[in-house]
Every structure is written in C-alpha cells, then in structure tokens.
Amino acid sequence: MAPSLKVLVLFSGRGSNLNALIEGAKNGRGYEILEAITDNPNAEGVVRAREHSIPCKIFERKKESSKEEFKREIFSYVEQRSPDLIALAGFMQLVPSWFIEKWSGKIINIHPSILPAFPGLRTHDQAIAARVKEHGCSVHFVDAGVDTGPVIAQLKCQVFPDDTAEILAARVLQLEHRLYPEVVEQFALGKIAFPKK
Ligand code: GRF
C-alpha cells in the first residue's frame with residue numbers, strides 16, 4: 001500500500017527522532033516524510049536528513065527579524081506545504097498561537113518524560129532529583145501551553161538508584177525512537193484523533 005500520510009518534521013538539534021521517523025517511513029509504516037524543517041543551520045539533524053535524501057529546509061533568523069517574525073516565516077512555510085501531520089522532534093521554539101488555532105489536532109510533539117510529570121527542559125535531572133521509580137517519554141498533541149496538550153501515548157522505563165541524567169536520557173531516548181514512529185503509523189491508520197471537549 002502506498003504511504004498516504006504526509007508528515008513534516010521540525011527539529012532544532014541532534015535529530016535522532018527525525019532519524020527514527022525517517023526510518024519508520026522507509027520501513028513501510030504507512031507515512032512519508034515530506035520534508036524536514038529546522039530553525040538551526042548547524043543542527044546535526046540536517047546531516048541525518050541528507051543521509052536519507054530527505055529534503056531539509058533551513059531557516060536562519062536574520063538580525064533585524066524579531067522572534068515572532070522568524071516564527072511566522074517558518075510556520076507560513078509549513079502551512080504552504082499542506083502536511084497531514086506536523087511532528088515536532090526537539091524543535092526548540094514555541095508554536096505560535098495563530099498556527100495552533102488553525103492546525104490544532106495535526107501537531108504532535110515528543111517529550112522525554114511521563115507527562116504531566118516534568119514538562120519543559122532537563123527532564124532527566126528533574127526525574128532523578130524527584131527520586132521517581134519510573135521515567136519515560138510521551139507523544140502528545142500540541143496546544144498553547146508548554147508540554148500540556150492531550151497525551152497520545154507513552155512508554156516507561158525503570159529508574160535505578162545509581163542512574164545519572166545521561167544514563168537515564170539514553171534509556172529514554174531508545175523508547176522515544178520506538179514510540180514516535182509507532183504513533184505516526186497509528187495516525188496514518190486513522191486511529192488517532194484530537195479528543196473532543
Ligand atoms: C528528545 O529527547 C525529545 O524528546 C525532546 O528533545 C530531544 C530531541 O532529541 N523534545 P533529538 O534531536 O531527536 O535527538
């Protein structure tokens with residue numbers, strides 16, 4: 001069956017989740033990566049996209065442009081591409097509210113914690129400081145808050161007493177690479193929808 005769901009992936013850094021999503025598409029999970037988009041010309045993910053021959057659009061903020069203008073430029077471009085799904089994968093910008101209003105239910109994000117625990121940054125440090133027994137990752141719909149949108153799916157792992165943030169991050173990252181392509185596949189199958197209020 002030809003892939004039907006057209007996915008844009010937005011990233012800012014390493015791009016390992018971008019890589020996992022691209023591999024999922026190549027492994028016939030029923031979706032295709034239209035393009036990878038970044039706000040960071042030096043992101044390692046740019047190399048990942050090129051290695052897989054996935055088009056990569058790079059945005060660079062000009063000195064004279066405000067953060068809002070820069071984001072309008074990026075998200076106007078996203079809109080022009082008419083994707084079926086927008087997957088944020090380590091994209092370090094808040095999605096502007098005008099875009100969320102129009103595209104609600106079609107923007108998802110992967111976050112390295114079992115939401116609602118530990119939103120924001122440095123989640124692995126937070127998990128260790130809180131001495132939790134379990135940690136993991138979540139894929140959720142994006143809403144106007146920071147990591148607050150409805151959770152779609154999660155994977156969990158154990159936290160061991162001698163874990164460092166780095167060791168824990170590596171364990172969680174493996175789960176992320178499993179979870180994200182699985183969720184996008186479920187979208188492609190029409191099995192996931194934004195919850196009705
Ligand atoms: C991942 O841990 C993801 O959950 C978070 O940012 C990190 C991005 O890593 N949102 P990578 O760029 O996908 O390797």
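If you read the sequence from its start, that first residue is 1, and numbering goes on from there. Numbering of ligands and ligand atoms starts at 1, following listing order.
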Do S113 and H135 have a side chain donor and acceptor closer than 3.5 Å?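 On atom types as modelled, these side chains do not qualify, holding no pair under 3.5 Å.
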
Pair N40-S12, side-chain donor/acceptor within less than 3.5 Å: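 Their side chains do not contain a donor-acceptor pair, so the 3.5 Å distance test is not met.
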
Could you walk me through whether F194 and F141 satisfy the ring pair (Phe, Tyr, Trp, His ring centres under 6.0 Å) test, starting with their C-alpha distance in whole Å, then the side-chain angles of each, then the deciding distance to 0.1 Å, before giving a yes or no? CA-CA 7 Å; F194 194 76; F141 285 106; 5.0 Å; yes

May I ask you to check whether over 12 heavy atoms, not counting those of I167, lie within 6.0 Å of atom CD1?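 Count over threshold, so yes.
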
Does ligand 1 have any N/O atom under 3.5 Å from a protein N/O, and what are those pairs and their distances?
residue: ligand 1; atom: 2 (O); partner: E176; partner atom: OE1; Å: 3.2
residue: ligand 1; atom: 2 (O); partner: E176; partner atom: OE2; Å: 3.0
residue: ligand 1; atom: 4 (O); partner: I110; partner atom: O; Å: 3.3
residue: ligand 1; atom: 4 (O); partner: E176; partner atom: OE1; Å: 2.7
residue: ligand 1; atom: 4 (O); partner: E176; partner atom: OE2; Å: 3.4
residue: ligand 1; atom: 9 (O); partner: R14; partner atom: NH2; Å: 3.1
residue: ligand 1; atom: 10 (N); partner: I110; partner atom: O; Å: 2.9
residue: ligand 1; atom: 12 (O); partner: G15; partner atom: N; Å: 2.8
residue: ligand 1; atom: 13 (O); partner: S16; partner atom: N; Å: 3.4
residue: ligand 1; atom: 13 (O); partner: N17; partner atom: N; Å: 2.8
residue: ligand 1; atom: 13 (O); partner: N17; partner atom: ND2; Å: 2.9
residue: ligand 1; atom: 14 (O); partner: R14; partner atom: NE; Å: 2.6
residue: ligand 1; atom: 14 (O); partner: R14; partner atom: NH2; Å: 3.2
residue: ligand 1; atom: 14 (O); partner: S16; partner atom: N; Å: 2.9
residue: ligand 1; atom: 14 (O); partner: S16; partner atom: OG; Å: 2.5

Between K57 and F59, is NZ or CZ placed under 6.0 angstrom from the six-membered ring centre and within 45° of the ring axis?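 Flagged: K57 positioned over aromatic ring of F59.
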
Are R81 and E35 close enough that some pair of their side-chain heavy atoms sits under 4.5 Å apart?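 The answer is yes; the side chains approach within 4.5 Å.
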
